[in-house]
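Read through the structure below, which is laid out as structure tokens, and then see the notes.
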Protein chains: 2
Amino acid sequence: MPQPSTPRKTLGRPPRISREEVVETARRIVAEEGVDRLTMRRLATEIGSTPMALYHHVRNKEELLVLLLDDYAARTLRRPELPAHPRERIVVAAAAIHEALAACPWIVEVLTADDLMSTSALWFVEQIVDGLVECGLPPERAVHGYRAIWYYTAGEIVVRATAARRRTDDDRATYREQVFADLDPDELPRLAQVADSWAPLTAEDTYLDGLRALVDGLARGRLRC
Amino acid sequence: MPQPSTPRKTLGRPPRISREEVVETARRIVAEEGVDRLTMRRLATEIGSTPMALYHHVRNKEELLVLLLDDYAARTLRRPELPAHPRERIVVAAAAIHEALAACPWIVEVLTADDLMSTSALWFVEQIVDGLVECGLPPERAVHGYRAIWYYTAGEIVVRATAARRRTDDDRATYREQVFADLDPDELPRLAQVADSWAPLTAEDTYLDGLRALVDGLARGRLRC
DNA sequence: GCTAGTTTCTTTACGTGTATAAAAATTCAC
DNA sequence: GTGAATTTTTATACACGTAAAGAAACTAGC
């Protein structure tokens, strides 16, 4: 009988910093000065250590950002009142996730995560999948439907955030104007027709409209709903 | 009468490299060795110049990648036969864009462009907008509909490409398995129900299903279609 | 107490994108 | 021709993420 009781202290040199401390300090830097100022060196000095020491607590900077996203989700995601009607329930759950993520655009670099797998987001995923099942989809199709909603949601945030970033660099906007000004109304009549209003139209926030359309389409032709 | 005829040669030191040469060489490097090997220094030596000289022909590396994407689109996008039925036309046009982009995953880093504004992609945009108008949407709603389709399409590609990239790093997959194994079936019954099949389900390519649902939803309740 | 094993931390170094400043190569005004 | 203006190219330098090697601080077995 080897080690029955004695919990035997951990082996090796005792750590002076913890993963929690790393994430918490990173969170503070981002909150106070923006994500651009979060560098491994800066984080290390802030924490009183050296850059490479961090790498014993997070695999790399990308993992650190994922941890920050999880942390952010755990802090700010609040479960909303959900309507009884399943289709509307899906919309409310997805919109809640969207709202939380859109409010923190620095997250974009990580947002391309495969799924939102922070445990605090799982409840929302459950609601969406469950709503789709209640709409009459078999469970596998419901998962596919959730994925479609996630693609749409993540895509909206990433595209809009990148557009906003590029708008400060500007000049790409000018290029787009040029493209629209040079449109041949014979070859591309619809685009020529909306050319002038393209910029304001694409600036509008129509996430909810698109989401409703997608959910309607997913639930269409099903028994219930 | 100042300069009436004489076209007067361009001022300043004559360039030794051109933007076209930069883009073309970059394209070759990416084609032959992958996007990871495309660095400004490598590109410069390949072209017989110095890194900073490139910055007189492209604003920065991101713009270079955008130019590469435009170039790729111009080369590979072929206009498919379009069905007469407007809804199916939209699906075919969007799927063609999706297929071209999905085939070149290195593009992901740029894909978050505001729109696909390469001139060779505009014809597809026209088809989608026009299809939506034919479905009975007013032009503004049609533009919004196109945007929704673009969000969905870009999101799908970005999410899947990132997932693939992380899968080589692995270990995030393991974490996800852990999350699903620890699910409380009382609190999250649907997820617990599909926990085992989550990975294979999310690996399936269901882009077309989601696209059809979205287009159906966008066109729903309209006069025509 | 000593040595081996194990973990964490530090040092050093490399390759990256690109800012900045200076040099080089040309045209234009006279 | 000479000097100013203008454009492109080069040289140098910085901050970044992180790989690699080894030093430091601890426990376990003897």
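A quick note: this is a predicted structure, and the numbers were derived from the prediction, not measured.
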Are any of the side-chain nitrogens in A:Arg79 or B:Glu187 under 4.0 Å away from the carboxylate oxygens of its partner?
-> yes
Mind checking whether A:Arg27 and A:Glu32 have side chains closer than 4.5 Å, heavy atoms only?
-> no
Heavy-atom side-chain contact between A:Leu218 and A:Ile149 under 4.5 Å | yes
Side chain of B:Met40: nearest nucleotide among C:dG17, C:dT8, D:dG17?
-> C:dG17
Can you tell me how far P of D:dT6 sits from CG of B:Leu11, to the nearest Å?
-> 7 Å
What is the nucleic acid contact for A:Thr50, judged by heavy atoms within less than 4.0 Å: base, sugar-phosphate only, or nothing?
-> base
Presence of B:Ser49 side-chain N/O under 4.0 Å of D:dT9 phosphate oxygens OP1/OP2 = no
Hey, is A:Glu46 close enough to A:Arg28 for a salt bridge, meaning N to O under 4.0 Å?
-> yes
Does B:Thr10 have a side-chain nitrogen or oxygen under 4.0 Å from the phosphate oxygens OP1 or OP2 of D:dT6?
-> no
Can you tell which of D:dT10, C:dT10, C:dT26 lies closest to the side chain of A:Ala53?
-> C:dT10
5′-ward residue of the pair A:Ile17/B:Pro51 relative to DNA chain C = A:Ile17
Between C:dG17 atom C1' and B:Leu43 atom CG, what is the distance in whole Å?
-> 13 Å
Send over the distance from A:Ile47 CD1 to C:dC9 C1', rounded to a whole Å.
-> 13 Å
Any N/O donor-acceptor pair, B:Arg41 side-chain to C:dG15 base, under 3.5 Å | no
Calculate the interatomic distance between B:Arg16 atom CZ and D:dT10 atom C1'; express it in whole Å.
-> 10 Å
Starting from the C-alpha separation in whole Å, work towards a yes-or-no answer on salt bridge (Lys or Arg N to Asp or Glu O under 4.0 Å) for A:Glu24 and A:Arg75.
-> CA-CA 12 Å; A:Glu24 168 57 23; A:Arg75 276 170 199 276; 3.6 Å; yes
Candidates D:dT7, D:dA25, C:dG17 - which lies nearest the side chain of A:Pro14 | D:dA25
Please state how far atom NE2 in A:His56 lies from atom P in D:dG22, giving the value in whole angstrom units.
-> 16 Å
If each of A:Arg37 and A:Met52 is mapped to the nucleotide of DNA chain D with the nearest heavy atom, which maps nearer the 5' terminus, i.e. the 5' end?
-> A:Arg37
Once you round it to whole Å, what is the distance between P of D:dG17 and CG of A:Asn60?
-> 11 Å
Mind calculating the distance between CG (A:Leu54) and P (C:dC9) to the nearest angstrom?
-> 9 Å
Think A:His57 has a side-chain N or O under 4.0 angstrom from the OP1 or OP2 of C:dT8?
-> no
Expressed in angstrom and rounded to an integer, what is the separation of B:Glu62 atom CD from C:dT18 atom C1'?
-> 14 Å
